[in-house]
Amino acid sequence: MTVKAAMAEAAEAVLEVMDRLLPIPDGPEARVVEAMRYSSLGSGKRFRPFLVLESARLFAVNRACALRVGAAVEFLHSYSLIHDDLPAMDDSDLRRGRPSCHKQFDEATAVLAGDALLTYAFEVLANEATHADPRVRAELVLALARASGTQGMVGGQMIDLLAEQQSEFDHAHVTRLQRMKTAELICFSCEAGAILGKGGPAARYALRSYGQEMGLAFQIADDLLDIEGDSAETGKPTGLDAAAGKATLVAVQGVESARAHASMLVEQAARHLDFFDEKADLLKSVARFVIDRRS
Ligand code: GRG
């Protein structure tokens, strides 16, 4: 199966689970659930759930369990996009080609929808339907908390916001912030299969290392897409204006060098998967897809 077809299949399956996990309640609180649904069930690559499903497949994990973990990570990802679009952060009117959550609803509702998606991700993981063994559930909760909190996504976002006030940043600084902001959640998605499948330390190390290198390449590709992007989709400037003043490797070392660095990271990422047999071939191809993608 091609990466594109496998991703489309995974996206459909996880969307079905997310939809079932977000019923609209009776009562005025329905508004926040509608905002949660608006932002999490709309279009999106569902890249992180795909990684969860593929890593889980290496350990023959029950697919329904893996899909719940995929849904949880996508809820958390959706929260980060809602909050990132707020006027206090990136101030984006558009997300995935349509009004961002605070534009469609209002700022207060968008803050609450993000908060609720974040907390719900952990509720889904902690529910016994996710895994019969409570130690596995606790481990998933711990790993996702680390990936998304101050040691991960939130910490990376803080460094990123501070970097915007600096006129200079170097390769090491940008790499650290992007590892935290973007790669940690991707890394969790790769490791989740091994947690669910009770894989040994070597398998977990291989998947984490793969996720770290590929996650960084994913962010570099995202920064390159901003330059080449369609401002009608993003509402943001494109071309080299998109890189100006941003703490990205494109800004630090230029387009060609950043592209070459991303390619090198992808090669390194794929090599970590040599630990597994040909069952990991799709994950190896995904690493390549990450830098060849157009959205
Ligand atoms: C607000 C706590 C908080 C964190 C924000 C994740 C993030 C940190 C900001 C979102 C903006 C951004 C460019 C993040 C880098 C990660 C990234 C490339 C997100 C986009 O992920 P995709 O491409 O999006 O998987 P889709 O739309 O396909 O789900």
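Both ligands and their constituent atoms are indexed starting at 1 by order of listing.
Of all the listed residues (Gln157, His83, Arg96, Arg48), Gln157 holds the heavy atom that lies closest to atom 8 (C) of ligand 1. Of the candidates His77, Gln219, Lys181, the one placing a heavy atom closest to atom 24 (O) of ligand 1 is His77. Among Gly149, Gly155, Ser80, Ser148, the residue whose heavy atom sits closest to atom 1 (C) of ligand 1 is Ser80. When Asp222, Thr182, Leu225, Leu81 are ranked by how near their heavy atoms come to atom 13 (C) of ligand 1, first place goes to Asp222.
Side-chain contact annotation: Gln178 with Asp223, donor-acceptor N/O pair under 3.5 Å present. A donor-acceptor contact closer than 3.5 angstrom links the side chains of Gln253 and His171.
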With a 3.5 Å cut-off and sequence neighbours excluded, list the donor-acceptor pairs that the side chains of residues 57-75 form with protein atoms.
residue: Arg57; atom: NE; partner: Glu54; partner atom: OE1; Å: 3.2
residue: Arg57; atom: NE; partner: Glu54; partner atom: OE2; Å: 3.2
residue: Arg57; atom: NH2; partner: Glu54; partner atom: OE1; Å: 2.7
residue: Arg57; atom: NH2; partner: Lys279; partner atom: O; Å: 3.4
residue: Asn62; atom: OD1; partner: Ala64; partner atom: N; Å: 2.8
residue: Asn62; atom: OD1; partner: Cys65; partner atom: N; Å: 3.1
residue: Arg68; atom: NE; partner: Thr130; partner atom: OG1; Å: 2.9
residue: Arg68; atom: NH2; partner: Val124; partner atom: O; Å: 3.3
residue: Glu74; atom: OE2; partner: Arg46; partner atom: NH1; Å: 3.1

For residues 7-28, dump all side-chain donor-acceptor pairs below 3.5 Å to protein atoms at least two apart in sequence or in another chain.
residue: Asp19; atom: OD1; partner: Arg37; partner atom: NH1; Å: 3.0
residue: Asp19; atom: OD1; partner: Arg37; partner atom: NH2; Å: 2.7

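The shortest contact between atom 11 (C) of ligand 1 and any protein heavy atom is with Asp84 OD2, 3.1 Å. Shortest contact from atom 2 (C) of ligand 1 to any protein heavy atom: Tyr79 OH, 3.2 Å.
Residue Gln178 places every heavy atom at 4.0 Å or more from ligand 1.
Here Phe275 and Tyr205 keep their ring centres 6.0 angstrom or further from each other.
In terms of polar-atom proximity, Lys45 is counted as a contact of ligand 1, with an N or O under 3.5 Å from an N or O of the ligand.
Here is the list of ligand 1 atoms found below 4.0 Å of a heavy atom in Val154: 2 (C). Applying the 4.0 Å criterion to heavy atoms of Phe218 picks out, from ligand 1, the atoms 18 (C), 22 (P), 23 (O), 25 (O).
Between Tyr38 and Phe105, the two ring planes are perpendicular [angle over 60°; tilted spans 30° to 60°].
Between Arg31 and Asp106 there is a salt bridge, since at least one side-chain N of the basic residue sits less than 4.0 Å from a carboxylate O of the acidic one.
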